[in-house]
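First listed ligand is number 1; within each ligand, the first listed atom is number 1.
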Amino acid sequence: MERDNWSSRSTFILAAVGSAVGLGNAWRFPGLAAKHGGGAFLLVYLIALFLLGIPLLAMEISMGRRIHQGVPGTLRTINKKAEHIGWIAVSNGLFISVYYAVVFAWVILMFFLSYKFAGFTEAEDGIAQASSLWLTTIKTTGTTSGYGTISLPVLGCLILAWGSCYYCIRNGSASVGKVVRYTVSLPVLCLLILAIRGFTMPGAGEGLAKLFIPDWSALSDSTLWVDAIGQVFYSLSVAMAIMFAYGSYLDSRSNVAVDTIIIAVSDMLISVLAAIVMFSTMAGTGMLDNMTASGISTAFIVYPQAIVNLTKIPVVNAIFALVFYFCLITLAIDSLFSIVEGTTTAISDKFKLPKKKTTIIMCIIEFFIGIFFCTGAGLAWLDIVDNFINSYTLVLTGILEAIAVGWFFKTSKVLDEINKNTSNFKMPTVWFYPSIKVITPVVLSILFIWNIVSLFKNGGIYGANDGYSLASNIIGGWLIIALSIFSGLIVKLIVFRLKKKGFKEDDRNWDFFKN
Ligand code: PHE
């Protein structure tokens, strides 16, 4: 069967940028910058981007391109055991897509509720109403119990979320290529509009100073380093099966070394643009100190409060709310479908299933699992799962991928693949080798251990420092981690049974496609 291909170089770059640029850029990055002394965080972020992020991103894209398979099939060519690492990445993608779709549904919900801002007149009253709008509509209990209640508006938006996600990926790279032109350019346009409003607010300068003038004392706080490295990973969409899949649809003539840099730098610039919007707007509305709030509350609780004070005319504020949530919709959709595309590519490649059917079935299953997050207990569970996946399985996948390539494979073969076709710029050996062989595994291992230690230190043996119960941490955290780690064995079992019915595993090796 002919494999899909991206229709052009720019289509691939846009799709990868669309995946990388997501809600993480809009609220996680500004929130972390605020927490960690502005410019000091930016600097460490940049260092981590160049030392760890870019080499790993280039590795994932180039390996996918070489083998033309999703992540498990690609890693299998290094060593059959390495396929397990691929399934951990796929599990990351599966779990994240289920709850990312719910966050996307909240964004859609707020977009529809934007008109309400036209009614929030009196400052104090309006602010209270604005900040409770999301919390009351999603009907959260704030705890891990309360499955009985379900928010119908959220459920409706979740149907819309999955419907639009399926629509964008129904024909694989062909339909993705068509939508990314809009889903990448529109959020940038919206952010520029919001930045102009932010800039022109009295007091905005104070916010920008806080963002760009480094507070060097923050560098001595180790959580800054941990957060910056984690954010680089999350933001580049690595270790989630996505970039292998997107690479697998590349033509072998593409230029991975240069494209990777374009993708990573665009992602970073859009993060900085979002931070400019947040810092100037928050300073302009006198809420700069609220910026340290965690990501989700920034978008759904803090920013709505700021909207009420954007201008003195409520109707105009409602229009800004509309622009803001539309921006978030366009930011989130291409990240959501990229992660679904990553997992369906892996599954359909492995089991030789038709891609379109696999996509429909996966979207439906993930929608149904996601309904759980629309209940009163949903927000708390989402918090737990998100926390555990980001702190452990994503980091673990990065470590294992780097070790597999750096220690158990000829690293030079991957670097050759990255530098194939490039005449103007080649990724130097002194950049790629130390990064993949030493820096990435060592730094990520420290990060992994750091996360475990702080979990146990703060919350006892099960790490309930988040205030949730032991049982919920075990189910939402440890069980999910165990499922990810053992997913390769589950696949092996399925393959074992299928083989009895005549199924043959794909056993291509690195040289399957001759140059
Ligand atoms: N890079 C994305 C972001 O910053 C992370 C992500 C990608 C999350 C794909 C989910 C799906 O938001």
Side-chain angles (χ1 to χ4, degrees), residues 13-33 45 48-49 53-54 56-57 60-61 71 89-107 161-162 164-165 168-169 176 180 183-184 187-188 191 227-246 260 263-275 278 294-296 298-299 327-346 362-363 366 370 373 382 385-387 389-391 393-395 397-398:
I13 294 179
L14 283 174
V17 170
S19 169
V21 176
L23 299 175
N25 301 57
W27 62 57
R28 242 176 132 205
F29 183 91
L32 290 175
Y45 182 87
L49 184 67
I54 293 180
L56 200 68
L57 180 62
E60 292 200 351
I61 297 174
V71 52
V90 173
S91 312
N92 292 340
L94 282 175
F95 293 130
I96 296 176
S97 54
V98 169
Y99 69 77
Y100 203 82
V102 177
V103 180
F104 181 39
W106 293 339
V107 172
W162 278 108
S164 51
C165 173
C168 295
I169 52 175
V176 166
V180 285
T183 56
V184 175
V188 175
L191 283 174
D227 284 345
I229 296 163
Q231 175 64 8
V232 163
F233 256 71
Y234 185 77
S235 199
L236 287 182
S237 299
V238 289
M240 303 177 185
I242 301 173
M243 292 301 173
F244 280 96
Y246 273 14
T260 303
I263 295 162
V265 171
S266 315
D267 179 52
M268 184 207 58
L269 290 177
I270 296 177
S271 286
V272 173
L273 177 60
M278 285 294 184
S294 79
I296 285 184
T298 304
C327 174
L328 294 187
I329 287 179
T330 51
L331 276 173
I333 185 154
D334 41 13
S335 294
L336 176 63
F337 67 61
S338 72
I339 206 160
V340 180
E341 191 58 21
T343 54
T344 51
T345 298
M362 291 307 293
C363 286
E366 292 182 46
F373 292 112
L382 195 146
V385 179
D386 178 53
N387 183 16
I389 291 185
N390 284 314
S391 307
T393 52
L394 275 187
V395 185
T397 313

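Of all the heavy atoms in V340 and S97, the pair that sits closest is CG2-CB, 4.2 Å. Closest of all the heavy-atom pairs between F104 and I329 is CE1-O, 3.6 Å.
Those atoms of ligand 1 that come under 4.0 Å of a heavy atom in N25, given as number and element, are 4 (O). In summary, the atoms of ligand 1 found under 4.0 Å from a heavy atom of I242, numbered by their order in the structure, are 9 (C). Close contacts of ligand 1 with S19, meaning ligand atoms under 4.0 Å from a residue heavy atom, involve 1 (N), 2 (C), 7 (C). Taking a cut-off of under 4.0 Å to the non-hydrogen atoms of I96, the atoms of ligand 1 that pass are 10 (C).
When atom types are taken as modelled, the side chain of N390 and the backbone of D386 share a donor-acceptor pair closer than 3.5 angstrom. Without hydrogens or angle criteria, S235 side chain to V232 main chain gives no donor-acceptor distance under 3.5 Å. A distance-only check finds a donor-acceptor pair linking the side chain of S335 to the backbone of S19 [under 3.5 Å]. A side-chain donor-acceptor contact under 3.5 Å links N25 to the backbone of D267.
When hydrogens are left out, the protein atom nearest atom 7 (C) of ligand 1 is S237 OG, 3.4 Å; that is the closest non-hydrogen contact. For atom 1 (N) of ligand 1, the closest non-hydrogen atom of the protein is A20 O, 2.8 Å. The protein heavy atom nearest to atom 5 (C) of ligand 1 is Y234 O, 3.4 Å. Protein heavy atom at the shortest distance from atom 8 (C) of ligand 1 is Y100 CE1, 3.3 Å. Among protein heavy atoms, atom 9 (C) of ligand 1 sits closest to S335 O, 3.2 Å.
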Test side-chain contact (heavy atoms from CB on, under 4.5 Å) applied to Y246 and E60, step by step
CA-CA 9 Å; Y246 273 14; E60 292 200 351; over 6 Å; no

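When only interatomic distances are considered, the shortest N/O to N/O separation between M240 and ligand 1 does not fall below 3.5 Å.
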